Amino acid sequence: MRRILQLPNNVITKIAAGEVIERPASVVKELLENSLDAGSTRIDIDIEEGGSELIRVVDNGHGIHPDDLELAFSNHATSKLANADDLFAVRTMGFRGEALASIGGVAQVNLQSRTVDALVGTELSCHGSDLSPIRVWNGAVGTRIEVRHLFFNTPVRRKFLRTASTETGHICEIVTRIALSTPGLHISLKHNGKKVYEIPATADLLERIGIFFGKEVRDQLYAIDRQQGPAHLFGYIADPACERGNAKAQYLFLNGRWIRDRSLGHALQEGYRGLLMTGRYAVAFLYLEIPPDQVDVNVHPTKSEVRFRDSSALYSFILSTVRNRLSEEELTARMQAPSPSASTNGTGSYFSPKPTEYTPSLFAMPGFPAFSKQPMVAGVGNQGSGIRDHESGIGSQESGDESQESGSEEVPTTAKDQGPRTTDSSEVLNAIQLHNTYLVVETTEGMLVIDQHALHERVLFEAIKGRLKQGTLESQHLLIPEPVELSAEQAALVLERRRDLEELGLGVEDFGGNTVIITRYPALLGRRSPAEILKRVVDHLVSQDQVPTREQMLNGLMSLMACHAAVRSGDPLNAEEISALVEMRHLSNDTHHCPHGRPTALLFTRQELDRQFRRV
Ligand code: ADP
Ligand code: MG
């Protein structure tokens, strides 16, 4: 039996540091917050090698009393809290008194500081928790901290650091948050001696947004400013046209502190409902001010998550503010689909009904005829036969020998048996392609307008998903493996996720350097360039905020694959191809519609048309 031992202090510090200091950017965050708490109006940051070699922060704040210099490095030592009551009225960025102790535990830190009334400054270093004697320092009022060789004594952590450019990216993000949350602050960042940002104190919020996000975003912002009870919400929300592929450009500041809040982020997205497609995110800079006793900030060591007393009131406050502001703008014209009911009642409201309400029947089921414009690349040694053209179809294995030739009016039994058919099961009389983008279909019931890409993509997505579930997603060996050169970070990510990619039929192997080779390729991607797909996959992986769960990643990759394999807008289709695609709409029933997102087709019934033209 092993006996219980009290851990030595340096081990405790290392354990605690693991929570607060994850990477160079966490150090930058803690140091900047300390500088702000010290009332600094100017902060200059220098980093080397993404911060892993050096992080230097120089501020003009009130400095540290010479007698407190040692205390600054000891755990749970802070000048910001006096008693437990203060915890519930926190107005400073820091208060836990653990950042400097943690940083000093896992790096080589030199701290120099001078207060206004001191004749001379003092300095002290802390190398892996070992304190040096205090020395005199001749410097300006303020504090200067250098952090060198981060994680020098925790090699495992150090190994986990990504490339300098990735780490710099994280640091830039921290600087962005601080610059956006602190009006009047002069802040600069240099990497390896080169200027990255220089934000003058005079730059107002709009200018700051312009510096970090470019003119395109700055010129498409709508100001918001609303008070509700003690809560004040202000800032900018961007036109839906600024949409992004992730939520990273959604900034929320609570009482001057950047926070992440799932629920309030959702409120923002809800405010844009109907104006953004599935998987697209609004850009916004929201500032929420509420009395400190309405929120608990002591939930998380990095303080990026908080707990609100009344989060549902805040949810509706944000949702209604965003929605009302957007409805003041003439955004209706940009709606993806005019609402038949809106056009009759003349309101033109775009928040309801949802676009998807027109297309319940058009979302596909697994087991559908394949659709590809051209013969696929030659494949050998693949698990299945691969898809060749729409004569065989990747759904053919599921539906036995059933003919799924293009133009066939046959509906695969798998889909037929799925339950009640929806409105558009009526017979196709005629179909044409317009603008190489839309298919206009005359059915016995009325007129159907299909977005060729959207429909095909949706059908493929469902199919890939179905196939993946059954483990029958075909892939084909490339006759000549294709090398793809990536950045070090990208190559590492791809190899890290190799198993998941393999599951999706994408075989990659390490080729040395930053090159990977593609050995196998999802059959359904047909003639699309494997390298192009891999690069898209990489972009997708890199753009993820945190390491996505396997589920999230597969979903992301599946939609990427579906998007790529699908016919595109602008692809001319011949008659056969048109009818093959039109048939795909049968492969769904009304229990299979996507809760969000853009429609794949719009149905105008004969009655609706007659009514619109006042024939009734
Ligand atoms: P916390 O910020 O939670 O109090 P830290 O470990 O980050 O804990 O810092 C410990 C103390 O060191 C702070 O409470 C503050 O008094 C002092 N300090 C740290 N950085 C600075 C700075 N840049 N200027 C003035 N005082 C500082
Ligand atoms: Mg602090």
Side-chain angles (χ1 to χ4, degrees), residues 9 12-22 25-46 55-84 86-107 109-118 121-126 128-129 131 134 137 139-147 150 174-175 177-178 181-182 185-188 256-258 292 297-304 306:
N9 256 341
I12 295 178
T13 306
K14 273 190 195 173
I15 292 173
E19 268 186 53
V20 188
I21 307 302
E22 188 195 349
S26 346
V27 173
V28 173
K29 171 182 179 288
E30 294 298 334
L31 297 183
L32 292 184
E33 292 190 349
N34 282 346
S35 295
L36 291 180
D37 284 344
S40 308
T41 55
R42 176 170 184 142
I43 305 177
D44 295 292
I45 311 153
D46 272 279
I55 296 168
R56 182 190 302 120
V57 174
V58 180
D59 71 39
N60 64 352
H62 59 50
I64 304 174
H65 192 282
D67 295 346
D68 287 353
L69 217 53
E70 272 189 15
L71 258 189
F73 281 110
S74 81
N75 224 334
H76 311 301
T78 178
S79 56
K80 301 167 193 176
L81 276 190
N83 52 52
D86 288 356
L87 255 189
F88 301 97
V90 171
R91 288 181 187 277
T92 49
M93 310 286 278
F95 58 84
R96 298 168 62 114
E98 55 191 13
L100 282 188
S102 299
I103 298 168
V106 293
V109 185
N110 196 43
L111 167 64
Q112 305 169 314
S113 194
R114 188 181 141 199
T115 57
V116 186
D117 38 11
T122 39
E123 74 176 310
L124 171 69
S125 34
C126 179
S129 299
L131 292 179
I134 295 181
W137 174 65
V141 172
T143 301
R144 189 173 183 278
I145 299 190
E146 282 185 357
V147 178
L150 182 63
I174 297 294
V175 173
R177 291 172 192 167
I178 295 286
S181 63
T182 323
L185 175 71
H186 181 142
I187 187 168
S188 73
R257 185 202 300 275
W258 177 87
V297 291
N298 188 27
V299 178
H300 194 259
T302 66
K303 295 159 241 136
S304 55
V306 301

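Hydrogens, waters and symmetry mates play no part in the numbers below; they use all other heavy atoms, side chains included. Counting starts at 1 for both ligands and their atoms, following the listed order. The shown structure was predicted, so the numbers you read here are calculated from the model rather than taken from an experiment.
The nearest pair of heavy atoms linking G105 to S129 is CA-OG, 3.4 Å. Pairing each heavy atom of V57 with each of S35, the nearest pair is CG1-OG, 3.8 Å. The shortest non-hydrogen separation linking S102 to I21 is CB-CG1, 4.0 Å. Across L111 and A72, no two heavy atoms sit closer than the pair CD2-CB, 4.4 Å.
Atoms of ligand 1 found under 4.0 Å from any heavy atom of A38, numbered from 1 in the order shown, are 24 (N), 25 (C). Atoms of ligand 1 found under 4.0 Å from any heavy atom of E98, numbered from 1 in the order shown, are 6 (O), 8 (O). Here is the list of ligand 1 atoms found below 4.0 Å of a heavy atom in A72: 10 (C), 12 (O).
Remark: ligand 1 and I64 share no N or O pair separated by less than 3.5 Å (distance only, no angle test). Here's the thing with A101: none of its N/O atoms is less than 3.5 angstrom from an N/O atom of ligand 1. Inclusion of D37 in the set of residues having an N or O under 3.5 Å from an N or O of ligand 1 is not warranted. Taking only nitrogen or oxygen atoms, main chain and side chain alike, H62 does not reach within less than 3.5 Å of ligand 1.
At the shortest separation from atom 2 (O) of ligand 1 among protein heavy atoms lies K80 NZ, 2.7 Å. Nearest protein neighbour of atom 21 (C) of ligand 1, counting heavy atoms only, is N34 CB, 3.8 Å. When only non-hydrogen protein atoms are considered, atom 10 (C) of ligand 1 lies nearest to A77 O, 3.6 Å. Closest to atom 22 (C) of ligand 1, if we only count protein heavy atoms, is T143 OG1, 3.7 Å. The protein atom (non-hydrogen) at minimum distance from atom 6 (O) of ligand 1 is L100 N, 2.9 Å. Closest protein heavy atom to atom 16 (O) of ligand 1: S79 OG, 2.5 Å. Among protein heavy atoms, atom 8 (O) of ligand 1 sits closest to G97 CA, 3.1 Å.
Of the heavy atoms in D59, only side-chain atoms (C-beta onward) come closer than 4.0 Å to ligand 1. Proximity of T78 to ligand 1, defined as any heavy-atom pair under 4.0 Å, is shared by backbone and side chain alike.
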Practice item. Start with the C-alpha gap between D68 and S79, add the side-chain angles, then the distance that decides, and say whether side chain to side chain donor-acceptor pair (under 3.5 Å) holds. Key: CA-CA 9 Å; D68 287 353; S79 56; over 6 Å; no
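At least one donor-acceptor pair under 3.5 Å links the side chain of S40 to the backbone N or O of G61. Under the 3.5 Å distance criterion, the side-chain polar atoms of R257 are matched with a main-chain donor or acceptor of M93. Counting only distance, with no hydrogens or angles, the side chain of T115 and the backbone of H62 share no donor-acceptor pair below 3.5 Å. Under a 3.5 Å cut-off, the side chain of N60 and the backbone N or O of G142 do not form any donor-acceptor pair. The main-chain N or O of S181 is never found under 3.5 Å from a side-chain atom of R177 such that the two would form a donor-acceptor pair. The main-chain N or O of G139 is found under 3.5 Å from a side-chain atom of R114 such that the two form a donor-acceptor pair.
Put simply, OG on S125 and CG on N110 are 5.0 Å apart, with the number rounded to the nearest 0.5 Å. Rounding to the nearest 0.5 Å places CD of Q112 at 10.0 Å from CG of L69.
In this structure, G61 has no heavy atom closer than 4.0 Å to ligand 1. Ligand 1 has no atom lying under 4.0 Å from any heavy atom of E30.
Under the 4.5 Å side-chain criterion, counting only non-hydrogen atoms from C-beta, V109 is not in contact with L100. Side-chain contact between L185 and I178: present, with at least one pair of heavy atoms (C-beta onward) separated by less than 4.5 Å.
Here the protein contributes N34 OD1 as N, O or S atoms under 2.8 Å from the Mg ion (ligand 2).
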